[in-house]
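The analysis underlying the following values was restricted to heavy atoms, covering all of them including side chains, and did not include hydrogens, waters or symmetry mates. What you see is a predicted model; the values in this text were computed from it and never measured. Numbered from 1 within each chain, the chains take letters A, B, ... in sequence-line order.
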Amino acid sequence: MRNIPHRIFERDFLENALKHTIPVNVAFELTPLCNLNCKMCYVHLQDPSVRNRLLSGDKWISIMDQAFDLGMFSALLTGGEALTHPDFFRIYRHLTDRGVCVSLKSNGVLLCGEALELFRKIPPTTLDVSVYGCDDESYRAVTGCGLFETVDRNLRAALDADMPLRLMITPSVHMMPWMEKILRYAGSFGVETRVNVYLAEPYDNTGRKKEDFDLTADQIMDILQMADEILPDSGSSGMDDDEAPAEKGGSESMIGKGMLRCAAGRTRFAVSWEGIMAPCLQFPKEMISENVLESGVAQAWKTIHEKTVALRAPAECLNCGIRDECVWCPIKHGHAALSDRCDPAMCELEKRMNSRWRERKEKE
Amino acid sequence: MTIKEGFILRRIPGMNIVMPTGENIKNFRNAITLNDTAALIFEKLQQGESVGAVAEALASRYGIDRNEAAEDVQSVFGDFLELGLAEE
């Protein structure tokens with residue numbers, strides 16, 4: 001029996017999972033439906049017929065039980081808005097009854113009533129709530145709905161209830177006029193805030209295009225600089241845990257050159273609302289995907305892992321000046337990745353993000 | 001000597017981990033890693049087996065003396081008690 005610091009446990013746990021190819025972290029995109037209509041969302045669908053095509057609670061539970069048998073320890077429930085899935089509460093209880101650490105990504109609109117009561121009794125491991133504005137006007141500009149007061153009230157209630165709250169900010173051109181105010185508003189909660197500057201290319205059937213809401217590298221660096229000043233203690237970052245070079249998913253010596261260096265497809269996978277497994281949530285399904293409803297989770301995971309391990313960065317990366325620092329990721333390179341190329345704008349951003357990451361590490 | 005309600009032993013290749021379940025998640029935020037011997041003891045006690053039966057299983061599995069096995073079970077159970085996993 002060992003009593004060890006959590007950080008050491010996490011490191012040992014992930015190394016063990018990597019060694020044995022255990023999918024310990026799984027994301028479930030329960031629905032593409034949402035009660036907001038964010039202009040930069042990569043998944044939200046408005047077709048009402050989608051409601052009839054959602055996987056039922058029983059179907060999701062069957063998929064989750066199969067993932068549990070493979071060694072899943074943590075489940076992320078997301079969407080769309082996960083809380084709008086008709087069987088959300090049953091799914092949540094089922095997972096926690098099996099001892100799975102459940103995290104939730106939400107827009108906060110429904111974080112009240114029955115949901116808050118349930119989370120008081122059985123707290124999620126992490127409750128990530130997206131903040132889209134600092135007043136009704138900014139909320140309407142980004143999400144199409146003036147629901148600032150509702151979200152604000154729910155966030156404060158969640159904080160009072162001692163929820164493991166974390167705020168997420170996803171800047172886009174639509175948010176820019178209010179950026180500083182939004183960062184200050186998020187900072188007023190005194191909880192960890194993450195600034196996600198990597199916007200994903202929306203799925204084709206959403207009708208949205210990244211070019212309509214994307215930011216330039218200069219804008220992104222300005223936002224991160226602002227976040228560092230306004231949220232110095234909140235751990236705000238342009239990089240998610242997975243994206244820190246060679247930290248979480250394993251170093252180049254462990255995994256190999258020119259390959260994906262994050263945990264996707266090695267110790268984690270995601271299942272979309274249609275039952276399609278991919279190495280992670282936003283991973284281009286044209287590159288790697290398997291239908292778990294047809295093949296079952298175990299077979300799909302085997303195939304996803306094999307294809308992920310075989311995946312190589314584009315040939316142009318091999319001679320690139322930042323290749324040792326860059327965490328190449330098809331999500332970041334969008335349509336270019338589908339043609340086995342890099343998006344030059346993303347390479348420029350990566351270069352600057354890596355410099356920033358190094359500076360921060362040196363300071364730490 | 002029993003394991004409390006609200007815990008599950010997860011066995012994955014290379015690791016045995018005890019996790020809280022359901023409403024116990026609010027009270028017990030840690031995960032506990034067990035070696036194979038402690039995991040066997042945890043599992044048998046959770047199945048409602050007596051200390052004698054657990055010691056028997058341990059002695060049989062590892063080819064050790066039954067008295068020695070009983071001492072091991074008592075010692076590990078003491079750890080479970082301290083960690084809040086078990087009750088007398």
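- Contact count against chain A (heavy-atom pairs under 4.5 Å) is highest for I17(B) among N30(B), N16(B), I17(B).
- Only the backbone of P20(B) has a heavy atom closer than 4.5 Å to any heavy atom of chain A.
- A donor-acceptor contact shorter than 3.5 Å links the side chain of Q46(B) to the backbone of F7(B).
- At least one side-chain heavy atom of L281(A) sits less than 4.5 Å from a side-chain heavy atom of T78(A).
- A300(A) and S295(A) get closest at one heavy-atom pair: CB-OG, 3.7 Å.
- Although no hydrogens or angles enter the test, the distance criterion places a donor-acceptor pair under 3.5 Å between the side chain of Y92(A) and the main chain of I122(A).
- The candidate with the highest count of non-hydrogen atom pairs below 4.5 Å against chain B, out of R93(A), K19(A), M72(A), is M72(A).
- Not a single donor-acceptor pair under 3.5 Å links the side chain of K105(A) to the backbone N or O of L77(A).
- Residue R11(B) does not touch chain A at all, counting heavy-atom pairs closer than 4.5 Å.
- Chain A forms the most heavy-atom pairs under 4.5 Å with one residue out of E23(B), K26(B), R29(B), R10(B), and that residue is R10(B).
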